[in-house]
Q: 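Structure incoming, see below.
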Amino acid sequence: MRTSIIRGIAAAGAVALLTLGTACSNEREGSDSGSSDTKGFAKDSLVGVALPAKTSENWVLAGDLFTDGLKEAGFKADVQYAGASTTVADQQAQISSMVTKGAKVIVIGATDASQLSTQVAQAKEAGATVIAYDRLITNTPDVDYYIAFDNFKVGQLQGEALLNGMKAKKPKGPWTIELFSGSPDDNNSKVFFDGAMEVLKPLIDKGDIVVGSGQKNIKQTAIQGWKAEVAQQRMDGLLTSTYNGATKLDGVLSPNDTLARAVITSVKSAGKPVPVVTGQDSEVESVKSIMAGEQYSTINKDTRKLVAETVNMVKSLQKGDKPEINDTKSYNNGSKVVPAYLLPPVIVTKENAVEAYANDPKLAPLTK
Ligand code: BGC
């Protein structure tokens with residue numbers, strides 16, 4: 001894993017924090033910085049789980065898995081989702097309420113990485129441990145742990161898949177592509193994009209890959225709220241502005257499945273051939289699309305594993321043990337390096353879908 005990249009700082013304010021971040025990152029490398037030493041707590045304590053809006057299937061699944069997994073482990077569970085429109089305010093209120101109810105651990109999938117510092121400070125003040133789940137919480141010292149799939153690796157795999165898919169259709173470049181990235185308030189969006197660009201940028205610089213619209217900057221490619229309709233609109237606009245004539249679109253970097261399907265819908269409605277489109281999350285409709293030969297790739301980030309590992313963290317904290325950590329340098333949140341437990345993501349195309357989903361009762365039947 002590369003140490004020079006700071007994965008934790010949200011796009012907004014990143015420049016100002018970059019110098020500070022690098023210094024901290026180097027200084028604290030290898031240390032379990034800032035995590036609270038717990039003395040353990042009662043086995044039937046309350047554990048709060050604050051999840052964002054249901055912007056992709058993985059969040060829907062996570063809620064159910066947390067409710068069951070925490071109860072099975074003997075805890076009381078308070079699992080909440082932010083509403084679809086007032087996501088930030090909802091989540092802030094939900095976390096405060098978990099603190100008031102005496103939650104010993106609060107697991108947070110942030111709606112907006114940079115808007116939770118007051119609430120996590122309240123949690124710390126009350127003696128709770130804060131775990132950032134899937135998405136980092138930025139600009140606060142009050143996050144104890146981060147658990148996620150390796151987001152930078154997700155981006156790299158997407159970049160490689162885009163390239164491989166295009167090469168399979170057209171062995172020699174130059175290839176014409178468009179870039180999409182996730183919501184700017186989600187810290188993951190920049191990390192995914194950076195991972196993908198590590199693969200694609202050298203080829204763009206050489207002229208082997210051409211971004212047809214010229215929109216290469218993350219601000220130009222971002223899709224607010226990870227919303228399908230926003231992605232579809234942007235793709236509609238790109239088709240009109242750039243692909244109205246002879247220019248053929250070979251590939252689209254899409255950061256997740258919801259946006260991938262929106263891109264494909266847009267291209268099909270315009271009567272154009274479907275380019276190579278990447279994705280993430282292994283959503284049912286996207287796995288079907290991959291098997292049908294439309295979407296090219298997705299990423300398998302098994303939510304069952306991520307939730308199970310998070311529940312394991314909670315169990316360790318309950319016993320007064322330090323949870324298992326396997327990364328102490330990648331995630332500088334602008335205030336500290338957050339000790340992380342990262343799981344490996346898996347790239348899935350039609351070629352390895354059977355094997356990749358063999359143990360997933362929901363997805364395996366779709367690959368037969
Ligand atoms: C998650 C992705 C998901 C996206 C939209 C990201 O933070 O890591 O798996 O597709 O949010 O919900």
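Numbering of ligands and ligand atoms starts at 1, following listing order.
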Q: If I compare all heavy atoms of G225 with all of T55, which pair ends up nearest, and what's the gap?
A: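 Smallest interatomic distance, heavy atoms only, reads O-CG2, 3.6 Å.
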
Q: Within ligand 1, which atoms have a heavy atom of K301 less than 4.0 Å away?
A: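 Listed by number with element, the hits are 1 (C), 2 (C), 8 (O), 9 (O).
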
Q: Taking the side chain as C-beta and beyond, is there a heavy-atom pair between D144 and I131 under 4.5 Å?
A: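 Not in contact.
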
Q: Heavy atom under 4.0 Å from ligand 1: found in F149's side chain, backbone, both, or neither?
A: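 None of F149 does.
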
Q: Return the minimal non-hydrogen interatomic distance between K124 and T129, and the atom names on each side.
A: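 Nearest heavy atoms, K124 then T129: NZ-CA, 4.3 Å.
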
Q: Is the shortest heavy-atom distance from the side chain of N333 to the side chain of I137 under 4.5 Å?
A: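 A side-chain contact under 4.5 Å is absent here.
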
Q: Does a side-chain heavy-atom distance below 4.5 Å link P174 with D208?
A: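 The answer is no, as the side chains (C-beta and beyond) never meet within the 4.5 Å cut-off.
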
Q: Around atom 6 (C) of ligand 1, find the nearest protein heavy atom and jot down its residue, atom name and distance.
A: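 That would be D186 OD2, 3.2 Å.
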
Q: Could you tell me which atoms of ligand 1, counted from 1 in the order shown, lie closer than 4.0 angstrom to a heavy atom of W59?
A: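 In order of numbering, the contacting atoms are 11 (O), 12 (O).
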
Q: Would you indicate whether the side-chain heavy atoms of I347 and I299 approach each other to under 4.5 Å?
A: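 I299 vs I347: side chains touch.
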
Q: Identify the closest protein heavy atom to atom 1 (C) of ligand 1: which residue and atom is it, and at what distance?
A: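 The closest heavy atom on the protein side is D134 OD1, 3.3 Å.
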
Q: Quick one: does ligand 1 sit under 4.0 Å from the side chain of D257, the backbone, both or neither, non-hydrogen atoms only?
A: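 Neither part.
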
Q: Answer with side chain, backbone, both or neither: which part of F192 has a heavy atom less than 4.0 angstrom from an atom of ligand 1?
A: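 Looking at F192 and ligand 1, just side chain atoms fall under 4.0 Å.
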
Q: What pair of heavy atoms forms the shortest contact from Q91 to T111, and how long is it?
A: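 Smallest heavy-atom distance, with atoms named: OE1-N, 2.8 Å.
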
Q: Atom 11 (O) of ligand 1: which protein heavy atom is closest, and how many Å away?
A: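 Ranked first by proximity to atom 11 (O) of ligand 1 is R135 NH2, 2.8 Å.
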
Q: Counting both backbone and side chain atoms, is some N or O of N151 under 3.5 Å from an N or O of ligand 1?
A: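 In this structure, N151 places no N or O atom under 3.5 Å from an N or O of ligand 1.
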
Q: For atom 9 (O) of ligand 1, what is the nearest protein heavy atom, given as residue, atom name and distance?
A: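 The closest one turns out to be D281 OD1, 2.6 Å.
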
